[in-house]
Amino acid sequence: MEYRQVEDRVIVTGLQDFDIKQTVECGQCFRYIKLTDYNYIIVAFGKVLKIVQMSNQIIFYHTKVEEFENIWIPYFDLEKDYDTIKQNLSAKDEILRNAVSYGAGIHILQQDVWECLISFIISQNKQIPHIKQVIQNISERFGEKICTLEDCDFYSFPNVEQLWVATEEEIRQCKAGFRAPYILDACQKVLSGEVNLTQLSSMSTEKAKNELLKIKGVGPKIADCVLLFAVGKHEVFPTDVWVKRVMEYFYFKEDTQIGKIHQFAADYFGSRAGFAQQYLFYYARDKKIGK
DNA sequence: GCCCAGGCACTCA
DNA sequence: TGAGTGCCTGGG
């Protein structure tokens, strides 16, 4: 990968195994606007980024090399060797080979832990457009305005202190529904220090998961999503209904308990289970497998 | 109008 | 321990 700054944008060339559409739309993040299949606006870490991907280069608009290196390289995980991961998974069986080939440009994002936590608390019993709407409502109401771009106003996701001033009623007005008290419980436990989000990455995966499970409204699935998409624990295997369906469809051929699926994933995919989950999920959802 | 959606908490055996 | 049920809300 090579990159250089031209005016207010960074032009990246030689980037293999990365596709902005697949990375953004494989269900791991919710703050993006799709302009076309290769043109997205993304909000993260208090920044607004426009990305245009072409055959041989990617342009990151409204940024500079320093910000690109400090924020966007880690966020998009641009320096990891995905080729080795994909080869390893593809070698396991034909199912994975097809799934990896189908989502060959997926990267697992390294998102902000707090925003990721609240986003996945909101995600339960909701579909992606609803989740995006609630997060946007919360950002507009409690975050700070970043800028106006393409005639849209963009707001940062509120930090813990900014969200803690909200009442349950105000959060419900953002269409969060029964999840509003869960969000406040997360604020309270993080502010009081009962749950330490900044130390998660240095904890063992099991300890980090137990830390997240202290929060009301956070169960195994949501904890795993936070661990995978924000903490960098790439061996976890978040198992939602889609992943459950695709695993049953391809591997078990019958209704299977989550615990059994987790055990299989740990044994079979090992330390790369999280990557396998993303390829399988994207493959299953796009092809509506098992539905 | 009814049912369900990218889970979880709560209840009851 | 494990299974069953309700939940805000919007869309099909």
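Both backbone and side-chain heavy atoms feed into the values below; hydrogens, waters and symmetry mates do not.
Nucleotides of DNA chain B nearest to A:His130 and A:Ala223 differ in position, and the one nearer the 5' end is that of A:His130.
Below the 3.5 angstrom threshold, one finds no donor paired with an acceptor across the side chain of A:Arg179 and the base of B:dC8.
At whole-Å resolution of the value, CZ in A:Phe178 and P in B:dA9 are 10 Å apart. Going from atom CH2 of A:Trp242 over to atom C1' of B:dA5 covers 10 Å, rounded to whole Å. Straight-line distance from the OH atom of A:Tyr182 to the C1' atom of C:dT9: 15 Å, rounded to whole Å. Rounded to an integer number of Å, the gap from NZ of A:Lys244 to P of B:dC8 is 14 Å. A:Gln124 places its CD atom 14 Å from the P atom of C:dC7, with the value rounded to the nearest Å. Spacing between atom CG of A:Asn137 and atom C1' of C:dT9 amounts to 12 Å, rounded to whole angstrom units. The CZ atom of A:Arg285 sits 13 Å away from the C1' atom of B:dA5 (whole-angstrom rounding). Rounded to whole angstrom, the span from the NZ atom of A:Lys260 across to the P atom of C:dT1 amounts to 21 Å.
Residue A:Val218 is in sugar-phosphate contact alone, with no base atom involved, counting any heavy-atom pair closer than 4.0 Å across all strands shown. Backbone-only engagement by A:Gln257 is indicated by non-hydrogen atom pairs under 4.0 Å involving sugar-phosphate atoms exclusively. Counting any heavy atom pair closer than 4.0 Å across all strands shown, A:Pro220 reaches sugar-phosphate atoms only and no base atom. Across all strands shown, A:Gly217 has heavy atoms under 4.0 Å from sugar-phosphate atoms exclusively, and none from any base.
Ring geometry for A:Tyr282 against A:Tyr102 counts as tilted: the plane angle lies between 30° and 60°, on a 0 to 90° scale. Using a 30° and 60° split on the angle between ring planes, A:Phe76 and A:Trp72 fall in the tilted class, from 30° to 60°.
The pair A:Lys207-A:Glu211 does not meet the salt-bridge criterion, since no charged nitrogen lies less than 4.0 angstrom from a carboxylate oxygen. Under 4.0 Å is where a charged nitrogen must lie from a carboxylate oxygen, and between A:Asp240 and A:Lys244 no such pair does. Between A:Lys50 and A:Glu150 there is a salt bridge, since a side-chain N of the basic residue sits under 4.0 Å from a carboxylate O of the acidic one.
Checked options A:Phe264, A:Tyr279, A:Phe269, A:Tyr268; the residue passing with A:Phe237 is A:Phe269 (criterion: ring-ring contact (aromatic ring centres under 6.0 Å, His included)).
Base pairing in DNA chain C gives the following stems of 3 or more Watson-Crick or G-U pairs, range against range and under 3.5 Å: B:2-5 with C:9-12, B:7-13 with C:1-7.
Residues A:Tyr3 and A:Glu69 bring a donor and an acceptor atom of their side chains to less than 3.5 Å of each other.
Contact annotation: A:Gln127 does not reach the phosphate of C:dG12 (side-chain N/O to OP1 or OP2, under 4.0 Å). Between A:Lys216 and the phosphate of B:dA9, there is no side-chain N or O to OP1/OP2 separation shorter than 4.0 Å.
Comparing C:dG10 with B:dA9, their C1' atoms are spaced 23 Å from each other, to the whole Å.
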